[in-house]
Protein chains: 2
Amino acid sequence: MTTLLLKKKAIRKSGAAPIYVQVAEILDAEIKLHDDSTLSLPSEGELSREFGVSRVTVRQALKQLEARGVIYSAHGRGYFKKLSRMRGLSGFHSFTSEVRKLGGEPGSIIVDYADARKLPGDFRKHLQAGGDDNNDFICLRRMRTIDGNAIAVETVYLPKSLYPSASRDQFDDASLYAQMTETWGIVPAWTDALFEPTAATSEEAGLLGIEKGAPVLVVWRATVTDTDQVVEYVKSIYKGDGFMLSVSRYRL
Amino acid sequence: MTTLLLKKKAIRKSGAAPIYVQVAEILDAEIKLHDDSTLSLPSEGELSREFGVSRVTVRQALKQLEARGVIYSAHGRGYFKKLSRMRGLSGFHSFTSEVRKLGGEPGSIIVDYADARKLPGDFRKHLQAGGDDNNDFICLRRMRTIDGNAIAVETVYLPKSLYPSASRDQFDDASLYAQMTETWGIVPAWTDALFEPTAATSEEAGLLGIEKGAPVLVVWRATVTDTDQVVEYVKSIYKGDGFMLSVSRYRL
DNA sequence: GAGTGGTCTAGACCACTCG
DNA sequence: GAGTGGTCTAGACCACTCC
């Protein structure tokens with residue numbers, strides 16, 4: 001059991017982000033550097049003194065990390081690094097970075113890029129999107145590959161109002177999530193998903209290089225910010241038999 | 001827009017549960033009574049006065065409800081009831097109560113009940129369970145039905161040490177989750193899941209009343225408490241084509 | 001400007017773990 | 001008993017919304 005050493009990074013008191021966010025980010029970054037599975041954090045009191053902030057504020061940072069699943073607390077013992085049980089693609093985060101983390105080479109091929117006035121009926125039905133929602137969408141359709149093998153077809157509807165002056169080449173090979181935050185300052189916070197096991201249609205089979213009727217997983221998703229603004233509607237079709245999607249640390 | 005009225009339920013100051021938990025539960029219960037989709041809550045200050053507790057404590061309760069997805073906060077405006085976008089079975093909470101909420105009649109048939117010394121290999125492989133984990137399990141296999149129609153087969157491994165003197169008839173028709181908390185005081189907090197779209201084997205097909213090779217969804221799950229104790233390992237096989245599983249409010 | 005949530009503080013007491 | 005996290009308080013100031 002090793003203990004996290006603090007680099008005494010400065011907290012900007014009257015700066016941009018709230019103090020507890022700064023503290024959380026510093027700790028998060030340092031924790032991730034340790035491969036060590038048995039890592040303990042300094043106590044609340046110690047952190048409070050080190051950073052020169054109140055214990056309540058330190059606690060707020062720690063609770064945020066706990067909610068994210070980065071650490072856990074043990075009454076009377078301390079805070080410890082949490083190890084994640086699952087591996088595999090979640091389909092919820094950045095495809096690009098998830099695949100890289102698993103040691104594969106992610107690929108993305110734009111199959112279609114167009115404007116759309118309305119969300120298709122099946123999207124509205126499954127994702128309970130109101131018709132009076134944001135009108136005008138960008139519709140992006142991409143093939144997803146790992147090491148050159150097709151594993152999914154993804155159709156994304158982006159409310160146009162949130163993505164000013166977006167163009168096709170911006171989505172070429174990059175991660176959509178990275179784009180969202182870097183270019184447009186949109187931070188995805190929650191997602192709602194619907195999983196439907198079904199048989200591949202001939203079109204899907206063609207794209208994924210499988211036989212018609214082979215098992216696939218259709219995932220419908222709506223992603224929202226902390227203020228409940230929908231940033232994307234997604235329909236993904238994943239190849240079955242051997243491929244797995246993971247949902248880790250789902251709060252019950 | 002209606003506002004939540006308070007019934008001035010008494011808070012037991014030095015009683016069992018922490019005050020913020022009591023406040024959260026009172027509010028949660030009252031919120032759920034309102035079908036009203038546009039429901040606003042009393043302000044933090046008002047709740048603080050009503051309940052006779054500090055604003056920080058009220059806030060802790062509200063934040064807990066926000067994390068659960070029951071309400072959301074709007075800076076400078078107040079707290080509001082959150083409407084859930086998704087419908088459908090999540091497979092993560094109580095099957096019994098979820099189906100009832102959807103207006104169906106849930107059924108459960110025990111197919112098998114036995115002791116097991118070890119977790120099967122495929123469970124260990126998919127759920128990354130260490131071999132030196134809790135040994136000795138109860139293995140429970142149940143058919144899940146809605147209005148008499150089979151929709152899933154579920155195999156659960158329960159670490160025996162956590163469920164003293166458990167017997168087959170306890171699981172007969174009841175919700176396992178309700179049992180966990182009521183009988184053994186076990187509170188599930190997080191779950192990790194793996195989704196695998198695949199084709200039904202002949203055994204699965206027989207149980208679910210579908211054809212061999214028809215699409216099904218295999219879900220592997222490990223459920224843990226807040227202190228990271230595994231309370232169950234589950235393998236569920238869901239019938240495909242038309243049936244959907246939902247994962248709502250997943251924190252990204 | 002009044003009211004709301006967002007953040008922060010200093011200090012207190014309790015419950016749990018470990019030596 | 002010393003150290004840890006868990007809960008709670010009273011009071012303060014800021015940022016945002018709405019009138």
Side-chain angles (χ1 to χ4, degrees), chain A residues 1 3-4 11-25 27 38-67 70-82 187 189 225-229, chain B residues 1 3-4 11-27 38-67 70-82 185 187 189 225-229:
Chain A
M1 175 71 70
T3 306
L4 191 66
I11 301 285
R12 290 162 305 169
K13 282 262 178 174
S14 57
I19 296 176
Y20 77 93
V21 173
Q22 296 181 49
V23 172
E25 270 166 20
L27 291 176
T38 58
L39 178 68
S40 71
L41 272 65
S43 73
E44 292 180 352
E46 206 164 330
L47 289 170
S48 166
R49 286 188 297 277
E50 291 280 355
F51 286 113
V53 300
S54 80
R55 191 183 147 207
V56 179
T57 304
V58 163
R59 215 176 140 71
Q60 199 174 0
L62 290 169
K63 287 301 148 194
Q64 199 185 52
L65 291 178
E66 192 175 21
V70 178
I71 59 174
Y72 67 93
S73 70
H75 197 170
R77 297 201 298 125
Y79 287 88
F80 305 90
K81 175 178 180 178
K82 181 147 213 158
V187 184
T225 63
D226 259 328
T227 55
D228 236 18
Q229 200 168 28
Chain B
M1 173 72 69
T3 306
L4 191 67
I11 300 284
R12 291 162 304 168
K13 283 264 179 173
S14 57
I19 296 176
Y20 78 94
V21 173
Q22 296 182 49
V23 172
E25 269 165 20
I26 291 172
L27 291 176
T38 58
L39 178 68
S40 71
L41 272 65
S43 72
E44 293 180 352
E46 208 165 328
L47 289 171
S48 167
R49 287 188 296 278
E50 291 280 356
F51 286 113
V53 300
S54 80
R55 191 184 149 208
V56 178
T57 304
V58 163
R59 213 175 142 72
Q60 199 173 359
L62 290 168
K63 287 302 148 193
Q64 198 185 51
L65 291 177
E66 192 175 22
V70 177
I71 59 174
Y72 67 93
S73 70
H75 198 170
R77 297 202 297 126
Y79 288 87
F80 305 91
K81 175 177 180 178
K82 177 146 215 159
V187 184
T225 62
D226 258 328
T227 54
D228 235 20
Q229 200 168 29

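Below, chains carry the letters A, B, ... as their sequence lines are ordered, and counting in each starts from 1.
Nearest to the side chain of K63(B), among dA12(C), dC18(C), dG6(C), sits dG6(C). With dA10(D), dC13(D), dC8(D) as the choices, the nucleotide that has an atom nearest any side-chain atom of T57(B) turns out to be dC8(D). Counting only heavy atoms from C-beta on, S73(B) has its side chain closest to dG6(C) among dT7(D), dG6(C), dG6(D). Each of dC8(C), dT4(C), dG6(D) was ranked by its minimum atom distance to the side chain of V56(B); first place goes to dC8(C). Here dG6(D) is the nucleotide among dC8(D), dG6(D), dG6(C) with the atom lying nearest to any side-chain atom of R59(A). Here dG6(C) is the nucleotide among dG6(C), dG6(D), dC8(D) with the atom lying nearest to any side-chain atom of H75(B). For I19(A), the side-chain atoms get nearest to dC8(C) when compared with the rest of dC8(C), dG5(C), dA12(C). Closest approach to the Y20(B) side chain among dC8(D), dT7(C), dG6(C) is made by dC8(D) (side chain taken as heavy atoms from C-beta onward).
Under 4.0 angstrom from either OP1 or OP2 of dG6(C) there lies at least one side-chain N or O belonging to Y79(B). Within the 4.0 Å cut-off from OP1 or OP2 of dC18(D), at least one side-chain nitrogen or oxygen of R77(B) is found. Proximity of S43(B) to the phosphate of dT4(C): a side-chain N or O atom is located under 4.0 Å from OP1 or OP2.
Contact annotation: the side chain of L41(A) approaches that of I71(A) to within less than 4.5 Å [non-hydrogen atoms, C-beta and beyond]. Between L27(A) and L65(A), some side-chain heavy-atom pair lies under the 4.5 Å cut-off. Counting only heavy atoms from C-beta outward, the side chains of R59(B) and K63(B) approach each other to under 4.5 Å. I26(B) places a side-chain heavy atom less than 4.5 Å from the side chain of F51(B). Between E66(B) and L62(B), the closest side-chain pair of non-hydrogen atoms is not below 4.5 Å.
Across the protein-nucleic acid pair, E66(A) atom CD and dG5(D) atom P stand 11 Å apart, rounded to whole Å. Taking atom CD of residue Q60(A) and atom P of nucleotide dG6(C), one finds them 10 Å apart after rounding to whole Å. The CZ-C1' distance, from R49(A) to dT9(C), rounds to 16 Å in whole Å.
With a cut-off of 3.5 Å on both pairing distances, the Watson-Crick or G-U wobble partner of dC16(D) is dG3(C).
Comparing V58(A) and G76(A) by the nucleotide of DNA chain C whose heavy atom lies nearest to each, the residue mapping closer to the 5' end is V58(A).
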